[in-house]
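For clarity, every value in this text was computed on a predicted model and none was experimentally measured.
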Amino acid sequence: MLFKNLSIKFKMILVIQLVSLFSLVIGLTYVIFSNIANFKEDMKNNTIINANLIGEYCAVSLDFDVSENAVETLEKLKNIPSVDVGIVYNNDNEIFADFYADGEKVVISNTNSSDSWENFDANFLSVFRPIYIENSKVGSIYLRVSTEVLSLKIRDYVTTMLLLLVGLLIANYLLAYWLQKIVSEPIIHLTKATKEISEKGNYQMRVEKQGNDEIGVLVDEYNKMLLQIYEREESLKQRTTELTETLANLKQTQQKLVNSEKLAALGQVIAGVAHEINTPLGAIRSSIGNIKNTLNFVLNEYPIFINELPEKLRVEFLALMEDSFKNRHMLTSKEERVFKKKIAEIFENHNIKNAYSFADTFVDMMVVEGVEKYLDLLKTENSEKILEVAYKITGLQRSTENIEFAAERASKVVFALKNSSRINNNDEQMLADITEGIENILTLYNNQIKQGIEVSKSYDKVPKILCYYDELNQVWTNILHNAIYAMELSGKLDIKVYTEKDWVVVSITDNGKGIPKDEINRIFEPFFSTKPTGEGTGIGLDISKRIIEKHNGKIEVESKPGKTTFSVYLPTMNRKHDSTKI
């Protein structure tokens, strides 16, 4: 780590020093050990020569067994300071003559049976050589030489070599310091220029060339690179400006497309909404007309009519109207037919004239149980008149209920239209009930749905979620419109809302023709549509997908002939989201 933080200047010096030190150490080590070996070899050879010479001088003395001459010869070893011990042996391996430099005898066992040998130990060199006269062995000589002088010589030599090493390293450092300038200064200059260019972002600067070597070539190429970067930067700035303008235009176009898709989806339900509103308005107008006519009758003719009725018939008449007022439930067409048939049979069994007509009136008045108690009323001469008056008066209640139901229906449609047609520009989230939004969209599509689509709804209790409510309404509009289109206004629509782990899931399934396998992976692509040309913009599902992703959710689709399911997953928690406007 420390090496990495050093400047290139010191790195080069350090590298040169390390390489030089390594080379010098290896070289000097070789020289030192080589010379030490030579010193030892010289000492050994000199000692062997001395041993051979002394042996020659003592050979005659050994042959004639005159030890005095041999002793005299050994005494001359005093002139060689390094010789510590000298001993001459006869053929019986007995000491013939000996010499001890310190005057003290040293017991030396001549147990080595070899004819000649030499050996270095800790402090001495021992040499043993045989003595011959005319190729006949007459004895042997042993010399022991001190290695102290050799050790001093080796120490001095090693000290000299180490001092030489230090001197060479100093000289090498000075030489490396001078040489590294030739290589490092252009690189340091290039580094400083690069740092300045990086800090200031001025790619018009150029690095000064200091030579025609490889570094000079590097500087030339570096300057070319700066020129290319400058040209590309200018081109990039221009391109960025163009892209910024293009992006702004795309955002405007995208917003127009989104609003266009919203308006297109809204236009698809306008006709149905108009019909949904006109129907209750027509019912209200009709009911008001009935009320007006009936009120004129009640005010002008009813008092006379009720006074002229016999007491018994008056009681049955009032009971009939009371039964009618009590029964406020609505009947289906099938139920009306069943009750008409049943009541008509009862009247016919009691010989009531106009039995079917009377049964029809009773059902309209919602008097379908216990009709037998009015048989006396129906058998009178003025039965038709009495029943007509009862029908008119009870019609006030029916008209009032029709007005109430129609007004509620129209209000619901207007409310759904209001909540589904806004284009929210505030981009604010709100806690909302997903089921409520789906119901609003179903209300808008009621005119198309009631033409032949059976809607099955399964809504679990799910928590309110923080969402862009208006944008989610556009998702439900797009998916439901595609489902209704796929079923061609006839089929079964299954809607489920439930929770799954941390998700609120909306599943919308239709039994339409399905999406072809080769197209299902493309339905979320912008401007791709499975509808004929002119019937779809191709961005509805793309917008829906981006709205769901904006909520950190996901949308999945599965399709086969007769069953297509869109599943929308919305997080129950308020996760971090991208607030980009869809």
Side-chain angles (χ1 to χ4, degrees), residues 251 254-255 257-258 261-262 265 420 424 427-442 456-486 493-512 514-531 536-560 563-582:
K251 285 184 176 179
Q254 181 193 44
Q255 191 59 44
L257 283 172
V258 171
E261 179 68 16
K262 289 182 178 180
S420 302
N424 185 9
D427 197 31
E428 294 180 354
Q429 289 183 309
M430 59 180 289
L431 277 173
D433 185 353
I434 298 301
T435 305
E436 182 181 299
I438 296 171
E439 281 296 303
N440 287 336
I441 305 304
L442 286 174
S456 172
K457 293 181 284 188
S458 175
Y459 298 155
D460 290 351
K461 186 176 181 180
V462 297
K464 291 184 177 181
I465 65 171
L466 196 62
C467 64
Y468 299 97
Y469 184 71
D470 299 334
E471 293 180 3
L472 286 182
N473 281 343
Q474 186 180 359
V475 174
W476 316 138
T477 300
N478 291 337
I479 297 177
L480 287 171
H481 170 74
N482 289 341
I484 292 171
Y485 177 88
L493 185 63
D494 185 16
I495 304 173
K496 296 179 181 178
V497 180
Y498 57 94
T499 56
E500 182 179 298
K501 294 183 179 179
D502 293 333
W503 302 98
V504 171
V505 185
V506 177
S507 172
I508 300 176
T509 303
D510 67 77
N511 64 345
I515 304 171
K517 289 183 179 179
D518 57 342
E519 296 179 355
I520 195 168
N521 292 327
R522 299 187 59 197
I523 60 174
F524 293 108
E525 294 179 8
F527 306 108
F528 176 80
S529 178
T530 59
K531 301 173 184 176
T537 61
I539 63 172
L541 287 178
D542 170 56
I543 292 173
S544 299
K545 184 173 183 289
R546 287 190 286 119
I547 289 173
I548 299 305
E549 289 176 347
K550 179 179 177 180
H551 288 78
N552 292 305
K554 58 184 178 179
I555 182 169
E556 299 175 350
V557 58
E558 296 179 356
S559 183
K560 62 182 180 180
K563 184 178 182 181
T564 298
T565 301
F566 280 84
S567 298
V568 175
Y569 292 79
L570 296 168
T572 56
M573 304 293 290
N574 182 21
R575 302 176 185 172
K576 183 179 179 181
H577 62 85
D578 178 10
S579 60
T580 304
K581 185 77 174 173
I582 298 295

Chemist: Nearest heavy-atom pair of Phe524 and Val557: which atoms, and what distance?
Modeler: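 Answer, listing the atom of Phe524 first, then Val557: CE1-CG1, 4.1 Å.
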
Chemist: Of Val505, Thr435, Val568, Asp460, which meets side chain to side chain contact (heavy atoms under 4.5 Å, CB included) against Val497?
Modeler: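 In the set Val505, Thr435, Val568, Asp460, the residue that makes a side chain to side chain contact (heavy atoms under 4.5 Å, CB included) with Val497 is Thr435.
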
Chemist: Start with the C-alpha distance between Tyr569 and Val504, add both sets of side-chain angles, then the distance that settles side chain to side chain contact (heavy atoms under 4.5 Å, CB included), and finish with yes or no.
Modeler: CA-CA 6 Å; Tyr569 292 79; Val504 171; over 6 Å; no

Chemist: In terms of heavy-atom contacts, does NZ of Lys554 have more than 12 from other residues, nucleotides or ligands at under 6.0 Å?
Modeler: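 Yes, enclosed.
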
Chemist: Measure the shortest side-chain to side-chain distance between Val506 and Ile508 over non-hydrogen atoms and say whether it is less than 4.5 angstrom.
Modeler: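 They are in side-chain contact.
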
Chemist: Roughly how far, to the nearest 0.5 Å, is the CG atom of Leu480 from the CD1 atom of Ile438?
Modeler: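 Nearest 0.5 Å value for the CD1-CG distance: 7.5 Å.
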
Chemist: Is the count of non-hydrogen atoms from other residues, nucleotides or ligands lying under 6.0 Å from Glu558 atom CD greater than 12?
Modeler: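 Atom CD in Glu558 is not packed in, count stays at 12 or less.
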
Chemist: Taking the basic N atoms (NZ, or NE/NH1/NH2) and the acidic carboxylate oxygens, is any pair closer than 4.0 Å for Glu549 and Arg546?
Modeler: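 No.
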
Chemist: Indicate yes or no: at least one non-hydrogen side-chain atom of Phe566 is less than 4.5 angstrom from one of Asp510.
Modeler: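 Answer no - side chains too far apart.
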
Chemist: Do Lys550's NZ or CZ and the ring of Tyr468 fall within the cation-pi criteria of under 6.0 Å and 45°?
Modeler: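 Output yes; distance and angle both within limits.
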
Chemist: I want to check something: taking the side chain as every heavy atom from C-beta on, are Pro463 and Thr499 in contact at a cut-off of under 4.5 Å?
Modeler: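 Result yes, sub-4.5 Å side-chain heavy-atom pair found.
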
Chemist: For the CD atom of Glu519 and the CD1 atom of Ile523, what is their distance to the nearest 0.5 Å?
Modeler: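 CD1 of Ile523 is found 9.5 Å from CD of Glu519.
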
Chemist: For the residue pair Thr565 and Lys563, what are the closest heavy atoms and their distance?
Modeler: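 Taking Thr565 first and Lys563 second, the nearest heavy atoms are OG1-CE, 4.0 Å.
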
Chemist: Supply the atom-to-atom distance Leu541 CG to Asn482 CG, rounded to the nearest 0.5 angstrom.
Modeler: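 Reported value, rounded in 0.5 Å steps: 5.0 Å.
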
Chemist: Could you work out, with side-chain contact (heavy atoms from CB on, under 4.5 Å) as the rule, every residue matching Ser544, not counting sequence neighbours?
Modeler: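 If we apply the side-chain contact (heavy atoms from CB on, under 4.5 Å) test to Ser544, skipping adjacent residues, the hits are Val475, Asn478.
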
Chemist: After noting the C-alpha distance and the side-chain angles of Trp476 and Asn440, does the key distance pass the side chain to side chain contact (heavy atoms under 4.5 Å, CB included) rule?
Modeler: CA-CA 10 Å; Trp476 316 138; Asn440 287 336; over 6 Å; no

Chemist: Identify the heavy atoms of Trp503 and Gly553 that sit nearest to each other, and give their distance.
Modeler: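 Nearest pair, atom of Trp503 first, then Gly553: CZ3-CA, 3.9 Å.
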
Chemist: To the nearest 0.5 Å, what is the distance between CD1 on Ile465 and CE on Met430?
Modeler: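 Atom-to-atom, Ile465:CD1 and Met430:CE are 11.0 Å apart.
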
Chemist: Under a 4.5 Å cut-off applied to non-hydrogen side-chain atoms, are Leu493 and Ile495 in contact?
Modeler: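 When only atoms from C-beta onward are counted, Ile495 and Leu493 do touch, with a gap below 4.5 Å.
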
Chemist: Does the side chain of Ile555 reach to within under 4.5 Å of the side chain of Lys545, using non-hydrogen atoms?
Modeler: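 The answer is yes, as the side chains (C-beta and beyond) meet within the 4.5 Å cut-off.
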
Chemist: Which residues pass the side-chain hydrogen bond (donor to acceptor under 3.5 Å, both in side chains) test with Lys457, sequence neighbours left out?
Modeler: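 Residues passing side-chain hydrogen bond (donor to acceptor under 3.5 Å, both in side chains) with Lys457: Glu439.
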
Chemist: Mark yes or no for whether Ser559, through its side chain, and Ile515, through its backbone, hold a donor-acceptor pair below 3.5 Å.
Modeler: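 Flag set: sc Ser559 to bb Ile515 pair under 3.5 Å.
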
Chemist: Please step through side chain to side chain contact (heavy atoms under 4.5 Å, CB included) for the pair Tyr469 and Leu472, ending with a clear verdict.
Modeler: CA-CA 5 Å; Tyr469 184 71; Leu472 286 182; 5.7 Å; no

Chemist: In Å, rounded to the nearest 0.5 Å, how long is the span from CD of Glu525 to CG of Asp542?
Modeler: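 Separation between the atoms: 9.5 Å.
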
Chemist: Can you tell me how far OG of Ser458 sits from NZ of Lys496, rounded to the nearest 0.5 angstrom?
Modeler: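 With rounding to 0.5 Å, NZ (Lys496) is 6.5 Å from OG (Ser458).
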
Chemist: With a 4.5 Å heavy-atom cut-off, do Pro571 and Asp502 have their side chains touching?
Modeler: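 Answer no - side chains too far apart.
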
Chemist: Determine, stepwise, if the pair Leu570 / Ile548 fulfils side chain to side chain contact (heavy atoms under 4.5 Å, CB included).
Modeler: CA-CA 7 Å; Leu570 296 168; Ile548 299 305; 4.0 Å; yes

Chemist: Which heavy-atom pair separates Gln429 from Leu466 by the least distance, and what is that distance?
Modeler: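 Heavy-atom minimum between the residues: OE1-CD2, 3.6 Å.
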
